[in-house]
Amino acid sequence: MRRKLKGIVLSLILVLQLAVPSIKAYAAETLYDNRTGTQDGYSFELWKDYGNTSMTLNAGGNFECSWSNIGNALFRKGQKFDSTRTYSQMGNISVEYGCNYQPNGNSYLCVYGWMKNPLVEYYIVDSWGSWRPPGASPKGQITVDGGTYDVYETTRYNQPSIEGNTTFQQYWSVRTSKRTSGTISVTEHFKAWERMGMRCGNLYETALTVEGYQSSGTANVYKNVLTIGGNGGGNQGGNQGGNQGGNQGGNQGGNTGSSGGDTTVQCESMSISGPYAGKIGNPFNGVALYANNDAVTYNQYFAYGTHDFTLRACSNNNNMARVDLQIGGEYKGTFYYGGSYPAEYTIKNVSHKTGNQEVKLIVTADDGNWDAYIDYFKISGGSGESSGGNGGGNQSGNQGGNNTGYVQPQPTGKLVALTFDDGPSSTTNDVLDVLERYDVKATFFLIGQNVNSNTMATMQRQVRMGCELANHTYTHEDLAYKSAQDIKNQVEWCSSAIKNTVGVDVKFFRAPNLSVNNTVYQSVDLPFIQGITCNDWESYVSASQRASTVLNSVQDGSIILLHDFQGNYNTVQALPTIIESLKNQGYTFVTLSELFELKGVNPNQEYKSWSRVP
């Protein structure tokens, strides 16, 4: 009894000793020049290229900073790691923070860090100064911690990094509305990036950061608690169309009703069949489908007749892997994977039989150049309709502009085709608002990786309005430096994403940056489209300059090339002037398909890129 009491007393003393640092007063230290180190359990760094800076290190992760007359400066406190583990090996990572943030000019308040293998500099930006970074076209949107973030991937060429001057990727999540306190679930951003094909390597650093660029300002980080370990926010971001978190809804699914929540089934728990199929432990615990008729199956009960189906998988190389989905013995679509890094692919609004059905994932198109590695299978979005209902109710009227009552325009007067690149994004809806106001149709060249559950409604609106959807590759990379197979993958994957989301076939192709060569021409089996440009991808080109350039160049049969990437508001503002002026000159706005048809011109001509249809 005395030994037990003694142990309890010692335990209480130990708890009190561990609690002491949380109330211990620290003598604040102020830094003025570049320095790194550790203080009160946190790594810290002040880095600048030049200018006036100060950073006061307070208790825990807290700090104060100020800057003026700088080029670039970063103030941060967090943790540095040994670059031997990925985020998934470290457990959940989150930052709870509060900051009195007063920037004057260009600045970010963010979680910042680096990864190795691959080398990546990453930002999760919750607030900013006069400019919202990074000024690129987003890959998509995610919802985390009650807020919406745009996701970007940019490239830095031969720039300073933790490995010296080199080329590396930057990953960004940028909140659509500013905040200066709350929780940032860092792991959820990493997961979302990977689902978008942005590979995350071994962690080197995670830190709450204030950055200033050619600006001035002050910040008082009065709360900064970095937590690492545990399972964390597996259920966060539940309104992302079933694309958040691999473990939601249980791992077996089995005979659940799938009537509104998500059901996730690990592929290695399914029945495995075929000549070569087998379990694997790398790059994940899953199943490899090596040849035609390799398959996995299980039985699922469906209370409703329409669902979205997601498969996380990859190819064993850079060739396109294809896995077919069969439900109740009927083919329902194909999942595509164009690389060796795991990613999710979703087939939307699939109509199927209700009740107990056999679900099969099977390879039928193997040509000997790839293997499919499959991880988990997810069912989302029960329609809520009765069994055997219409299924895919959102698709009515969305089949390529062939709605009942649609009237083909007659070839009278002058014709012009408006086209937009780099969507869909939130700016696309601003463009559609203008087009709808003037009863104008256009053709939109979509980036495949921007096609997701968050942009599906925008795409449905485009098609409802009679607009045409076209192909701008899957990742918007310069094809002139790609192999023939990589080019084919980029185009096929984009077309499949559009087809699987809104059910339309694309008819035209525009190369990123209009960069083509013989290999590109020979690898793409779609007509090539260019057009009149007005440098509307440059933020310094005003709305009036854009409109003036277009109006000075248009002829009968012209194709106008504009952009609807995130935040391209000058183009939105230029549209009314362009449309009104051309209508006053007798022009009719048509889609590309209508332009070629009404001009009586076959667009399928080898080694030809169209800017005008004579």
Side-chain angles (χ1 to χ4, degrees), residues 36 43 45 47 74 76 78-95 110-125 134 136 139 142 151-173 184-209 226 228-229 232 246 280-286 288 312-319 321 337-344 370-371 373-376 449 474-478 481-483 486 489:
T36 62
S43 300
E45 181 165 0
W47 179 91
L74 288 90
R76 57 193 191 262
Q79 293 292 341
K80 290 188 177 179
F81 312 108
D82 59 7
S83 304
T84 62
R85 294 176 295 169
T86 64
Y87 75 88
S88 60
Q89 294 170 321
M90 297 178 66
N92 184 63
I93 303 171
S94 65
V95 175
C110 60
V111 167
Y112 170 87
W114 289 86
M115 305 175 190
K116 292 186 176 182
N117 299 319
L119 182 63
V120 172
E121 182 182 34
Y122 68 86
Y123 291 83
I124 303 170
V125 182
K139 299 167 73 76
I142 60 173
V151 175
Y152 306 83
E153 182 177 1
T154 56
T155 304
R156 297 277 286 166
Y157 295 97
N158 196 30
Q159 295 295 316
S161 76
I162 56 173
E163 295 183 351
N165 285 0
T166 187
T167 298
F168 54 91
Q169 297 301 103
Q170 291 178 316
Y171 297 169
W172 302 78
S173 287
I184 298 176
S185 298
V186 179
T187 296
E188 296 305 312
H189 290 269
F190 293 162
K191 289 178 180 178
W193 293 346
E194 288 201 308
R195 285 193 298 273
M196 295 182 180
M198 300 158 65
R199 183 180 173 188
C200 295
N202 297 330
L203 273 179
Y204 172 83
E205 181 182 12
T206 297
L208 186 70
T209 300
L226 173 60
I228 301 173
I280 56 173
N282 186 44
F284 41 67
N285 291 324
R312 184 177 190 261
C314 63
S315 174
N316 69 316
N317 54 36
N318 289 328
N319 294 321
Y337 302 92
S340 58
Y341 199 74
E344 287 187 346
W370 51 265
D371 302 321
Y373 297 156
I374 58 177
D375 185 7
Y376 58 72
Q449 63 188 5
Y474 192 79
T475 60
H476 199 270
E477 298 179 62
D478 192 327
Y481 300 95
K482 297 288 185 180
S483 68
D486 286 342
N489 290 348

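Keep in mind that what you see is a predicted model, and the values were worked out from it rather than measured. This chain uses plain numbering: 1 for the first residue, then up along the sequence.
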Could you walk me through whether Glu153 and Trp172 pass the side chain to side chain contact (heavy atoms under 4.5 Å, CB included) test, one step at a time?
CA-CA 6 Å; Glu153 182 177 1; Trp172 302 78; over 6 Å; no
Could you walk me through whether Leu226 and Ile93 pass the side chain to side chain contact (heavy atoms under 4.5 Å, CB included) check?
CA-CA 7 Å; Leu226 173 60; Ile93 303 171; 3.9 Å; yes
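For the atom pair CH2 (Trp193) and CD (Gln169), the distance works out to 12.5 Å, reported to the nearest 0.5 Å. Atom CG in Leu203 sits 10.0 Å away from atom CG in Asp82 (nearest 0.5 Å). Rounding to the nearest 0.5 angstrom, the gap separating the CD1 atom in Ile124 from the CG atom in Leu208 is 10.5 Å. Note that CG of Asn117 and CZ of Arg199 are 7.5 Å apart. Values are rounded to the nearest 0.5 Å. Atom CD of residue Glu205 and atom CD of residue Glu121 lie 9.5 Å apart, to the nearest 0.5 angstrom. From Asp371, atom CG reaches atom OG of Ser315 across 7.5 Å, with rounding to the nearest 0.5 Å.
Under the 4.5 Å side-chain criterion, counting only non-hydrogen atoms from C-beta, Phe81 is in contact with Thr206. Contact of the Lys116 side chain with the Ile162 side chain is registered, since non-hydrogen atoms from C-beta on lie closer than 4.5 Å. Counting only heavy atoms from C-beta outward, the side chains of Met198 and Val151 approach each other to under 4.5 Å. His189 places none of its side-chain heavy atoms less than 4.5 Å from the side chain of Val111. Under the 4.5 Å side-chain criterion, counting only non-hydrogen atoms from C-beta, Leu74 is not in contact with Glu45.
Using a 4.0 Å cut-off between charged nitrogen and carboxylate oxygen, Lys191 and Glu188 count as a salt-bridge pair.
A donor-acceptor pair shorter than 3.5 Å can be found between the side chains of Gln170 and Thr154. With 3.5 Å as the limit, one finds no donor-acceptor pair spanning the side chains of Tyr122 and Ser173. A donor and an acceptor atom, one from each side chain of Tyr87 and Glu194, are located under 3.5 Å apart.
Scanning both residues, Gln89 and Thr86, for their nearest heavy atoms gives OE1-N, 2.8 Å. Of all non-hydrogen atoms in Met115 and Gly201, the two that sit nearest each other are SD-N, 3.5 Å. The shortest heavy-atom contact between Cys314 and Pro283 is SG-CG, 4.0 Å. The two atoms that bring Ala313 and Phe284 nearest to each other are CA-CZ, 4.4 Å, heavy atoms only.
No donor-acceptor pair closer than 3.5 Å links the side chain of Tyr373 to the backbone N or O of Asn282.
Using bins of under 30°, 30° to 60° and over 60° for the plane-to-plane angle, the ring pair Tyr112/Trp114 lands in the perpendicular bin.
Among residues at least two apart or in separate chains, side-chain hydrogen bond (donor to acceptor under 3.5 Å, both in side chains) pairs with a member in residues 158-168 are Arg156-Gln159.
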